[in-house]
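Heads up: the structure comes next, in structure tokens.
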Amino acid sequence: MPGPVKIQDLLATGRLELADQRSNRLESEILLCEALGVSRAWLYANSEQVIEPRQADRYLDLTRQRQAGQPIAYLTGHREFWSLRLKVNTDVLIPRPETELLVETALELVPPDASWRIADLGTGSGAIALAIASERPLCEIHATDSSQAALEVARENVQILAPDRVSLFHGSWLEPLDGKFDLIVSNPPYIAENDLHLLIGDCRFEPPGALVAGHDGLDAFGEITRQAVGYLEPGGVLAFEHGYDQGKRIRSLFENSGYTAVVTKRDIESRERVTSGIWK
């Protein structure tokens with residue numbers, strides 16, 4: 001873009017670039033904040049301010065990447081989850097609003113003054129572990145991931161948000177952990193390998209290992225459910241986030257594995273989303 005340009009004019013250009021996005025006004029503002037390193041409040045207060053061409057070029061590059069489908073969380077390098085600002089990049093799944101139901105389920109189970117041992121499996125950015133830690137500071141939380149790159153992202157978030165309350169471990173599900181747990185939670189991969197959802201939206205840019213779990217999307221659930229038998233205290237709880245159409249099969253998996261009081265919760269759109277069971 002030649003010459004200096006006013007913020008209000010640049011935002012108008014950005015909205016046109018993002019015309020195909022439903023929230024093009026909001027996203028144009030978020031991306032300009034990222035390009036300038038300022039808040040949205042600052043943008044509103046300084047709409048007449050002129051910025052330099054290099055800053056405008058940086059902004060327009062971001063809008064073009066977004067229009068091409070790149071997730072806005074990867075472009076800005078962060079995502080808010082449970083009111084926590086989390087670093088994210090292409091090594092981790094982008095935390096989604098529906099995953100907050102898994103956090104809510106955990107918090108309903110854990111008394112506010114409890115000092116439970118809790119495991120978060122496939123932690124990615126650390127979103128679930130850190131959300132629980134923010135609400136249950138007396139609990140001892142262990143988070144695992146098989147991806148070393150994902151753990152590096154989680155480690156940065158833990159160091160900022162809960163350096164003394166969340167411990168990170170490299171390995172598959174429960175394998176790197178010792179001892180018994182009162183609660184095990186996981187949002188594992190649960191998309192079938194040929195699911196068309198992998199070809200649209202943010203899924204196109206996210207790590208496949210965080211999304212896909214075999215031909216029917218159930219591989220991770222079976223493996224974790226079997227492992228958890230040796231790690232749960234009597235009366236301990238296992239809870240999963242899963243796909244909207246997988247609730248019946250997860251309930252059967254739990255019941256056939258010896259779990260009791262198996263229940264499924266629905267998300268804000270009334271879709272089955274989180275299933276939990278108690279180990280006998």
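We number each residue from 1, following the sequence as shown. On a predicted model such as this, the values are computed, not experimentally measured, just so you know.
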Do Glu34 and Tyr59 pass the side chain to side chain donor-acceptor pair (under 3.5 Å) test, and can you show the C-alpha distance, the side-chain angles, and the key distance before you say yes or no?
CA-CA 8 Å; Glu34 177 66 20; Tyr59 168 63; over 6 Å; no
With Trp279, which of Val237, Thr260, Val229, Leu238 fulfils side-chain contact (heavy atoms from CB on, under 4.5 Å)?
Val229
Measuring only between side-chain heavy atoms, which start at C-beta, is Ser172 closer than 4.5 Å to Glu223?
yes
Salt bridge (charged side-chain N to carboxylate O under 4.0 Å, His left out) between Lys87 and Glu156, worked out
CA-CA 8 Å; Lys87 174 184 175 178; Glu156 290 190 44; 2.7 Å; yes
Point-to-point distance, once rounded to the nearest 0.5 Å, from SG of Cys139 to CG of Asp113
9.5 Å
How long is the straight-line distance from CZ of Phe81 back to CD1 of Ile94, given to the nearest 0.5 Å?
13.0 Å
Apply the test side chain to side chain donor-acceptor pair (under 3.5 Å) to residues Arg251 and Thr275: give CA-CA distance (whole Å), side-chain angles for both, the deciding distance (0.1 Å), then the verdict.
CA-CA 7 Å; Arg251 289 191 293 274; Thr275 295; 4.8 Å; no
Are Phe254 and Phe240 an aromatic pair by the rule of ring centers under 6.0 Å?
yes
Can you list the steps and then say if Val166 with Leu130 is a side chain to side chain contact (heavy atoms under 4.5 Å, CB included)?
CA-CA 7 Å; Val166 176; Leu130 288 165; 4.2 Å; yes
Excluding sequence neighbours, so at least two apart, what forms salt bridge (charged side-chain N to carboxylate O under 4.0 Å, His left out) with Arg79?
none
Suppose we screen for salt bridge (charged side-chain N to carboxylate O under 4.0 Å, His left out). Which residues come up paired with Lys6, at least two apart in sequence or across chains?
Glu48
Within the supplied structure, the quantity of interest is the number of heavy atoms (other residues, nucleotides, ligands) at a distance under 6.0 Å from Lys248 NZ; does it exceed 12?
no
Just by distance, with hydrogens left out, do His170 and Thr144 show a side-chain donor and acceptor under 3.5 Å apart?
no
For a salt bridge (charged side-chain N to carboxylate O under 4.0 Å, His left out) with Glu17, tell me which candidate from Arg66, Arg64, Arg25 qualifies.
Arg64
Could you go through the salt bridge (charged side-chain N to carboxylate O under 4.0 Å, His left out) check for Glu206 and Arg96 one step at a time?
CA-CA 13 Å; Glu206 293 177 298; Arg96 289 163 165 77; 2.6 Å; yes
Taking all non-hydrogen atoms of both residues into account, name the closest pair between Ala220 and Pro188 and its distance.
CB-CB, 3.7 Å
With sequence neighbours left out, which residue pairs that include part of residues 256-267 fulfil the salt bridge (Lys or Arg N to Asp or Glu O under 4.0 Å) condition?
Glu108-Lys265, Arg266-Glu272, Asp267-Arg271, Asp267-Arg273
